[in-house]
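First comes the structure, then the notes that go with it.
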Amino acid sequence: MNTNLLYKTCIGCAIALIIAALVGGVIYYAPEPDDTHEYSDSPWDPNAPKHPVTINSTPSLPFVDSGRKDQAGNPIGVRCNTCHSSKEPNLTLNNGALLHEFHQGLHYAHGGMNCVSCHNPDDYESLRLANGESIPFSETIQLCAQCHGTQYRSYRDGSHGGMTGYWDLSKGPRQRNTCTDCHSAHAPAYPKVMPVFPPKVREGSKLPSQH
Amino acid sequence: MSSSSSGGCGGNCSCNSGGGDNSDSKLFDRRTLLKTTGATLGIAAFAKALAPLTEWSEDLSVEEFVQKHYRELDDKQLSEVIKKIEADTKAEYGADVTVTAPKPQKGVKFGYALNLSVCVGCRRCAEACHIENNHDRASGNSYIRVLEMEKGSMDLEHGNANYNHPVPRGDKFYMPVQCQQCDNPPCVDVCPVEATWKEKDGIVVVDYNWCIGCRYCEAACPYHARRFNWEKPQIPKEEINPNQSYLSNRVRPQGVMEKCTFCLHRTRKGQMPACLEACPTGARVFGNLLDPNSDIRKVLANKRVFVLKEELGTKPNFFYFFDK
Amino acid sequence: MADQPKHDAKFHYRSFPRFILLALKLCTQGSWTFYAWMIFLTCIALVGANAWAIQVRDGMIGTGMSDHVSWGLYIANFTFIVGLAAGGVMMVIPAYLYKNKDMHDTVIIGELLAIAAIIMCILFVVVDLGRPDRFWHMFPLIGKFNWPISMLTWDVLVLNGYLLINLHICGYLLYKRFLGETPNPKLYIPFVFISIAWAISIHTVTAFLYCGLGGRPFWNTALLAPRFLTTAFCAGPAFIILVLQLIQRLTSMPVGAGAIKTLMGIMRVTIWINLVMLVSELFTEFYTGGSHATAAKYLYFGSHGLNALVPWIWTSTIFVVVAAILLLRPKLENHMRTLDIACVLVFVGIWIEKGMGLIIPGFIPSTLHEYVEYIPSLMEWKVTAGVWAGGLMIYTLLLKVAIPIFTGEARDHYPQKKAALNDSKAHESNDPEHSAEST
């Protein structure tokens with residue numbers, strides 16, 4: 001009697017499982033009702049007019065701080081050619097410590113290159129590319145790019161250099177750092193910083209180990 | 001249990017159940033009195049034990065209790081829910097906030113890339129996340145965890161999230177980890193109530209009003225991306241970010257899961273996520289994977305890109321690369 | 001026993017409430033031992049209920065869990081108790097499949113254990129939820145039920161189904177005994193067969209909860225489900241052997257020596273299978289080494305200065321090995337003390353190994369290989385103790401109702417009384433001068 005019931009139970013269960021699988025399959029594969037929040041009203045348009053990307057500018061005419069202030073309290077700047085138009089350029093100078101008359105204490109650590117590798121000895125109010133071409137200070141990025149091509153290409157493609165604003169330029173503009181915002185031209189190595197916001201550990205649990 | 005020591009006619013308890021004829025004198029017998037007193041005391045003690053629940057239920061409301069899943073709310077119901085959330089935030093935290101519910105845009109799928117040659121490990125992204133997303137202040141919670149890794153090794157076993165020295169160290173590189181918005185997310189698979197799902201623009205979201213807090217998704221996530229609200233978040237009112245959305249950075253209730261949403265309240269309006277804007281070195285790249293001219297696509301095309309734990313088949317949308 | 005008369009619904013409409021009333025009466029009457037035991041358990045359950053209410057109000061920050069170790073004592077106990085529920089069915093297989101007569105009459109003890117254990121499982125899940133007020137979100141149709149992808153939904157289905165099956169079997173058998181009638185095999189034996197397969201499924205599904213997660217390599221092993229089953233089939237019989245001896249001592253229910261012998265025989269085999277599987281697991285972890293072994297290393301030897309679980313797991317391993325050896329003693333049925341010690345060792349050892357020794361190392365190291373330890377807080381211990389006390393209360397009450405009915409001490413006397421009343425009325429109508437004689 002028991003064995004008979006066992007067989008009947010097994011067959012009954014098998015049939016129940018098959019029906020359950022079929023019903024489950026129907027439920028699972030049935031198309032879902034339209035999600036009310038699936039998409040917003042306007043699709044992304046690649047051809048929409050784009051807002052500008054602004055790169056922080058380097059001043060087109062650099063000034064050196066003379067140390068004195070005018071009546072309003074603003075620092076008085078001295079234009080480069082004030083001195084350099086009448087001075088003989090030192091083409092072999094490559095060390096900030098050797099500057100005695102002006103620019104004293106300039107920390108220079110840029111590969112030991114001569115100053116005139118970048119500065120234009122014919123016109124100190126501009127910079128000089130490797131082919132001798134003179135460029136204004138506002139085009140400093142070009143000068144950096146001629147040696148640091150990899151970083152420049154990364155920068156150009158958006159994977160180097162801080163930025164704020166919109167990823168979708170059809171919705172808003174973007175502001176970008178220029179090279180010298182982070183890398184001082186004379187000592188470009190990125191400075192060490194103390195990290196902020198250490199992760200906290202829950203009360204009651206042991207501190208994770210310091211490696 | 002043997003009934004030999006019970007009162008009355010030994011053994012057959014059911015004798016007394018039928019009639020009621022002899023029971024007058026038994027109504028006030030000592031045993032029944034003791035039992036009734038005990039039962040009453042027990043019920044009173046039980047009510048007292050559960051008393052804290054009445055304080056908790058003051059935080060709840062009938063509307064929230066019966067609220068349907070976010071995906072089943074029509075526009076009118078959603079706006080009512082949002083109004084209530086804004087009112088509750090004002091009542092509980094004292095802050096005026098605006099909660100939106102931006103929808104995914106057709107033609108957009110978000111991707112994020114991280115330049116491991118440029119990240120210096122300053123953790124400003126983690127801090128910006130904490131501020132942007134209205135995290136509980138005391139816990140210092142953030143969706144981003146920055147690991148200091150050994151150069152030459154990708155073994156997370158040698159990673160350290162608790163470094164506290166000037167960065168970057170020469171022999172280390174720094175790897176921030178946050179939700180990878182996987183294309184095959186294990187967290188979505190395991191949720192028993194579908195409180196978390198992947199939206200059409202790729203972001204995996206949580207409906208904070210639907211989550212039951214079982215934390216199965218937290219166990220399932222291979223990237224430590226999920227956070228649980230172990231208590232009610234405490235944020236001073238002046239620090240609350242008022243630009244909120246239903247699915248991302250509104251102040252979450254106690255007992256529910258949350259995670260990085262790629263700042264969808266910003267990115268669905270075309271803005272960059274807060275972590276990217278805070279990064280001083282520009283190690284973070286964000287954009288639309290479906291736009292062939294986007295920065296993120298340029299990274300995928302030109303850099304040697306990898307993902308974490310690729311062998312698990314999660315298909316992350318968060319890519320890492322080195323410049324050299 | 002009387003043959004089965006055909007009853008209509010009206011009959012059951014009257015007699016089922018009597019059955020319930022009898023059950024309630026049996027629950028509230030007993031010896032002083034019974035009262036003392038129930039009061040003791042009630043106190044613990046109240047402490048647990050209060051701790052849980054505080055947890056719901058103040059948040060789970062009062063537990064020792066964190067975003068690194070997000071499951072703890074509650075889920076550890078849940079995992080162990082599911083095994084206990086599945087193990088209860090171990091008595092059913094010999095009784096019904098192998099027609100073991102001694103087993104047949106004591107099977108109900110195991111099935112009642114399954115009921116109490118499943119209720120404990122449900123309670124452990126509820127106390128672990130961050131938002132227990134949102135339980136209705138899990139119901140299909142009115143909520144959203146992520147079946148079949150989420151293993152938790154399978155778990156919900158199989159656990160509740162197992163509860164219903166056992167409630168039906170036990171309820172039906174007890175009701176029929178109450179009525180003094182033989183149970184109809186067609187109405188319960190198929191469910192018994194189903195419960196055998198179902199018991200295996202509840203524990204396999206629970207194992208699948210863990211072993212499907214690729215991000216947790218400690219759990220992501222094919223051996224997890226078989227290990228769950230063998231440990232269940234050790235811990236279950238161990239508990240039942242102890243309960244059977246208590247029943248022998250405290251009640252008049254006859255417990256055949258064969259029942260304990262069969263269970264003991266099962267345990268002797270399953271405990272060695274369990275050890276073989278454990279060795280296999282440990283070999284695969286430690287021989288390969290690498291990052292796959294970090295969790296096992298933390299568990300057995302401590303890692304990165306953290307070693308809270310090391311004494312526990314070694315205690316558990318030693319307990320289980322010693323118990324396995326003790327169980328090999330020849331003619332163990334004549335050495336009940338050895339058997340009892342072995343049962344206690346098995347129960348405690350497996351509670352550690354399958355509870356905290358399985359859940360916590362899954363989270364240490366975390367998925368980003370951070371080491372954050374987990375120490376259960378006092379609140380968690382209180383709630384856990386409360387749920388255990390509640391489960392033991394339910395089991396005690398179930399046995400308190402079932403045993404008198406099974407032994408025949410408690411029966412539905414209403415039909416006889418009614419018949420006697422009719423007889424005496426008939427007498428009265430025939431001879432009004434004679435007083436009624438009640439039976």
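Look at Glu133(A) and Arg128(A) and you find no salt bridge, because none of the NZ, NE, NH1 or NH2 atoms lies under 4.0 Å from a carboxylate O. The residues Arg227(B) and Asp136(B) are annotated as not salt-bridged, no charged nitrogen and carboxylate oxygen being separated by less than 4.0 angstrom.
The choice from Val299(B), Asp291(B), Leu290(B) that makes the most heavy-atom pairs within less than 4.5 Å of chain A is Asp291(B). Chosen from Leu114(B), Leu276(B), Asn288(B), the residue pairing most often with chain A at heavy-atom distances under 4.5 Å is Asn288(B). Per-residue heavy-atom pair counts under 4.5 Å with chain B were compared for Arg176(A), Gln175(A), His160(A), and the maximum is reached by His160(A). Contact count versus chain B (heavy atoms, under 4.5 Å) is highest, among Tyr166(A), Tyr155(A), Trp167(A), for Trp167(A). Counting heavy-atom pairs closer than 4.5 Å to chain A, the top residue among Ala283(B), Pro292(B), Gly107(B), Pro166(B) is Pro166(B).
For Lys298(B), the part lying under 4.5 angstrom from a heavy atom of chain A is the side chain only. With a threshold of 4.5 angstrom between heavy atoms, Arg174(A) approaches chain B through side-chain atoms but not through N, CA, C or O. Only the side chain of Lys303(B) comes within less than 4.5 Å of a heavy atom in chain A; its backbone stays farther off. Heavy-atom distances place no part of Ser170(A) under 4.5 Å from chain B, backbone and side chain included. For chain B, the nearby parts of Pro198(A) are the backbone and the side chain; heavy atoms of each come within less than 4.5 Å. Only the side chain of Asn302(B) comes within less than 4.5 Å of a heavy atom in chain A; its backbone stays farther off. Of the atoms belonging to Lys171(A), it is side-chain heavy atoms, and not backbone ones, that fall under 4.5 Å from chain B. Contact annotation for Val167(B): both backbone and side-chain heavy atoms come within less than 4.5 Å of a heavy atom of chain A. In this structure, chain B has no heavy atom under 4.5 Å from any part of Asp41(A). With a 4.5 Å cut-off on non-hydrogen atoms, Thr267(B) touches chain A through its backbone and its side chain both. Heavy atoms closer than 4.5 Å to chain A are found nowhere in Ala101(B), neither backbone nor side chain.
Taking the ring axis of Tyr246(B) as reference, the NZ or CZ atom of Arg250(B) stays within 45° of it and closer than 6.0 Å to the ring centre.
Between the side chain of Gln181(B) and the main chain of Val204(B), a donor-acceptor pair closer than 3.5 Å is present.
Ring centroid separation for the pair Phe318(B) and Tyr223(B) does not come in under the 6.0 Å cut-off.
Of the residues listed (Thr196(B), Asn229(B), Asn133(B)), the one engaging Glu258(B) in a side-chain hydrogen bond (donor to acceptor under 3.5 Å, both in side chains) is Asn229(B), and it is the only one.
Note: Lys200(B) NZ to Lys109(B) NZ = 12.0 Å, rounded to the nearest 0.5 Å. To the nearest 0.5 Å, atom CD1 of residue Ile135(A) and atom CG of residue Leu143(A) are 5.0 Å apart.
Using a 30° and 60° split on the angle between ring planes, Phe110(B) and Phe286(B) fall in the parallel class, below 30°. Trp210(B) and His69(B) have perpendicular rings, their planes meeting at more than 60° on a 0 to 90° scale where under 30° would count as parallel.
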